[in-house]
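Below is one structure, written out as structure tokens; comments come after it.
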Amino acid sequence: MKLSDLQDIRLEKARALRDQGTNPWPNRAQRTRTNSEALARFETAQAADDQTLVEPVTLVGRIASLRHMGKTLFAHIEDGHGRIQLYIRKDAIGDDVYADILKLYDLGDFIQASGSLFRTRTGEISLRVTQITMLSKTINAPPEKWHGLQDVEIRYRQRYLDLLSNEEVRRIFRVRARIITAIRAFLDQRDYLEVETPTLQPLYGGAAARPFTTHHHALDQELYLRIADELYLKRLLVGGYERVYEICKDFRNEGIDRNHSPEFTMLEFYEAYADYESMMDTVEALIVSVTTTAHGGPRFTFQDQEIDVTPPWPRKTLRDAIRDTSGIDYADHPEQADLLRVAREAGADIEEGTVWPRIVDELLKQFVRPTLVQPTFLIDYPVELSPLAKRKTDDPTHVERFQPIVGRVIELGNAFTELNDPLDQLARFQVQQKDRDAGDVEAMPIDLDYVTALMYGMPPTGGVGIGIDRLVMLLADQPTLRDVILFPAMRRLPIENAQNSVESTSEESPEP
RNA sequence: GACCCUCUAGCUCAAUGGUAGAGCAGCGGACUUUUAAUCCGGAGGUUCUGGGUUCGAGCCCCAGGGGGGUCACCA
């Protein structure tokens, strides 16, 4: 690894610390309070007194700024909980230590400082430092202090830099964690059992998508990374559990854009003796609960749109929604060519040769979705689009399925009254198989064991899948999925660069 | 996969085809309540890579690479 002059200078400082008997990377710290605790402590104690809190504290953090003015030095340090100012006087800390700080401490270093808290002339609570030590010397300079890290590529490839320089980014991933915790709390409270099902699957299914393929050496067999956990979770209902859920990564081998990532986090939950009607109620309650966790109430802003998730959300059949927005009733046009013709006449941009169900899907995308700012359930899809959902009793050409849609673009999830008729399920698989044979790489393979499971009986069931990343994107008001995934998938850099980053630095390193 | 945009100092950004600059960071110095501290001085470059055009290319052309966007693909 080739080191720049700046890196050399910092390594030299680490050596200098070592030479004077200070380990630049010591094993332990002795923090007595977090920075935010210290600030709060001063605020409460100050009510009784005035300017100084005598009680000594030891704080830690990364040097975020450093201003020296002759025999006085101001710095800000940041720990995981906040930022506090250090006030360092040469006469209070000693000439040698003061010189060390000036010469050997840099922005980005982790340090530990002890002293007492006081309020400066300008009113900022600060630590009057009497002792200071290095906790971890940094070799690389942090990004620019005012603008932060802007380069989108570096932000994604080296997320740690993004996090350490952009507070807002740290906030987003805290929100993400709170959202997931809230989801678990909601489901646990309703007596759902959290389970784990295989990521590596001998046969994939549960969604229309291409899988990633891998190989198990000892078994000498192909395995697939799951594209969904649906079929396993429903097997658990056959087994007798009434309510199960799983939050896990799914993997789909397809393009990457602001709404799609090859690995993404999915919540699926299934409830025996429920149906898609009651599951819509549950989804409303879940989203309200999660939104309240993130925003303190049911309202928030997403990309300049005011969203309110207060139930009930409108429930509109796909057929009505398409008819109302495009004037087309697809039921009047059962022939592919015919539907394509009227769709184009209505102004849709659809390629020649698009199959019937996909034309319906395009009508949804081009006419319906742009009108759906507030959360809305689109319900009752053509059976061709949904091989795992149960037909409507009064209309076997449609299934009981819904998708919640918000903010014009976000399909939050997908849910249905689960198909538990084993013979119909087998027939649907066979249709899928025919599509596969015809070259549809996303059609599901037949899962005979799943059909066998259904033959042992699955109760009437409602099931829901919700894309967690999209939910976080919505609630954190981020325009792209990449901004709510810590380490989004990126193309590998050319080999020279990659090797450059793993080469030994032994020549340049200080002695251990 | 197609098209458009983009890549310049560690970071943020400039530079009508004519000596590659600034701010921050860093280095040397002044300054004992500053906070994007201020002031003085100096240092820092494979302009993503490789070709080409030109007296001369960061800039124009071709090819390649990374990223972003739009579309396609896709829940």
Side-chain angles (χ1 to χ4, degrees), chain A residues 2-10 12-13 51 63-76 83-93 98 102-103 106-108 118-124 126 128 138-157 161 165 206-210 227-228 250 252-262 264 266 349-351 354 358 361-362 364-365 369 381 385-386 401 403-405 409-415 441-442 465-467 469-470 479-482 488 490-498:
Chain A
K2 175 91 170 64
L3 292 182
S4 72
D5 293 346
L6 292 181
Q7 292 171 315
D8 280 335
I9 288 168
R10 285 176 177 235
E12 203 43 60
K13 291 178 179 181
Q51 289 305 300
I63 301 177
S65 69
L66 205 55
R67 302 176 292 281
H68 55 98
M69 335 186 16
K71 298 180 179 63
T72 303
L73 195 152
F74 288 92
H76 277 94
R83 156 190 291 242
I84 195 167
Q85 179 168 263
L86 305 185
Y87 174 61
I88 304 169
R89 292 172 62 107
K90 192 174 187 178
D91 54 11
I93 203 168
Y98 193 81
L102 285 184
K103 288 197 179 310
D106 286 300
L107 292 186
F118 75 111
R119 200 182 282 278
T120 62
R121 183 183 295 167
T122 50
E124 179 165 353
S126 306
R128 192 189 308 272
T138 56
I139 303 306
N140 289 346
E144 214 245 12
K145 65 179 176 187
W146 186 242
H147 298 92
L149 182 66
Q150 297 294 327
D151 186 306
V152 176
E153 181 173 357
I154 300 177
R155 287 188 47 222
Y156 295 153
R157 284 194 192 277
L161 288 179
S165 66
R210 298 175 70 174
I227 58 172
D250 286 347
R252 299 187 184 175
N253 207 336
E254 59 205 22
I256 300 174
D257 63 32
R258 61 174 51 195
N259 290 307
H260 297 267
S261 168
F264 60 98
M266 179 79 122
D349 179 20
I350 301 176
E351 269 183 60
T354 304
R358 287 214 52 83
D361 202 34
E362 280 303 316
L364 160 63
K365 266 189 205 163
R369 247 179 20 192
Y381 286 62
L385 289 172
S386 317
R401 171 181 173 186
Q403 290 194 290
I405 302 198
V409 289
I410 298 190
E411 291 171 353
L412 261 192
N414 194 12
V441 292
E442 281 149 14
I466 288 179
D469 310 278
R470 288 181 180 176
T480 126
L481 221 48
R482 271 180 282 245
M490 298 291 266
R491 191 182 295 272
R492 184 174 56 186
L493 291 172
I495 294 163
E496 319 84 80
N497 294 348

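By convention in this document, chain letters (A, B, ...) are assigned in the order of the sequence lines, proteins followed by strands, and residues within each chain are numbered from 1. Just so you know, these numbers use all the heavy atoms, side chains as well, and skip hydrogens, waters and symmetry mates.
Using C1' as the reference atom, B/rU34 and B/rU12 are 24 Å apart when rounded to the nearest Å. One P atom belongs to B/rG23, the other to B/rA37, and the distance between them is 15 Å to the nearest Å. Between B/rG18 and B/rA43, the distance separating the two P atoms is 25 Å to the nearest Å. On the C1' atoms, B/rA63 is 28 Å away from B/rU16, given to the nearest whole Å.
Of the side-chain N and O atoms in A/Arg67, one or more sit less than 4.0 angstrom from OP1 or OP2 of B/rA37. Of the side-chain N and O atoms in A/Arg258, one or more sit less than 4.0 angstrom from OP1 or OP2 of B/rU70. Contact between the side-chain N/O atoms of A/Arg157 and the OP1/OP2 oxygens of B/rG67 is found at a separation under 4.0 Å. Between A/Arg89 and B/rU34, a side-chain N or O to OP1/OP2 separation shorter than 4.0 Å is absent. Considering only side-chain N and O atoms, A/Lys145 lies under 4.0 angstrom from the phosphate OP1 or OP2 of B/rA25.
As rounded to whole Å, 12 Å separates atom C1' of B/rC31 from atom NZ of A/Lys90. Rounding to whole angstrom units, CE of residue A/Met69 and C1' of B/rG29 are separated by 15 Å. Whole-Å rounding puts the A/Arg10 CZ to B/rG44 P distance at 19 Å.
With B/rG69, B/rU32, B/rU34 as the candidates, the nucleotide lying closest to the side chain of A/Thr480 is B/rG69.
Looking at RNA chain B, the stems built from 3 or more consecutive Watson-Crick or G-U wobble pairs, each pair with its key distances under 3.5 Å, are B:1-7 with B:65-71, B:10-13 with B:21-24, B:27-30 with B:38-41, B:48-52 with B:60-64.
As judged by a 4.0 angstrom heavy-atom cut-off over every strand, A/Leu6 is placed among the base-contacting residues.
In the displayed structure, A/Arg210 atom CZ is contacted under 6.0 Å by at most 12 heavy atoms of other residues, nucleotides or ligands.
Looking at A/Thr120, its side chain comes within 3.5 Å of the base of B/rU34 through a donor and an acceptor atom.
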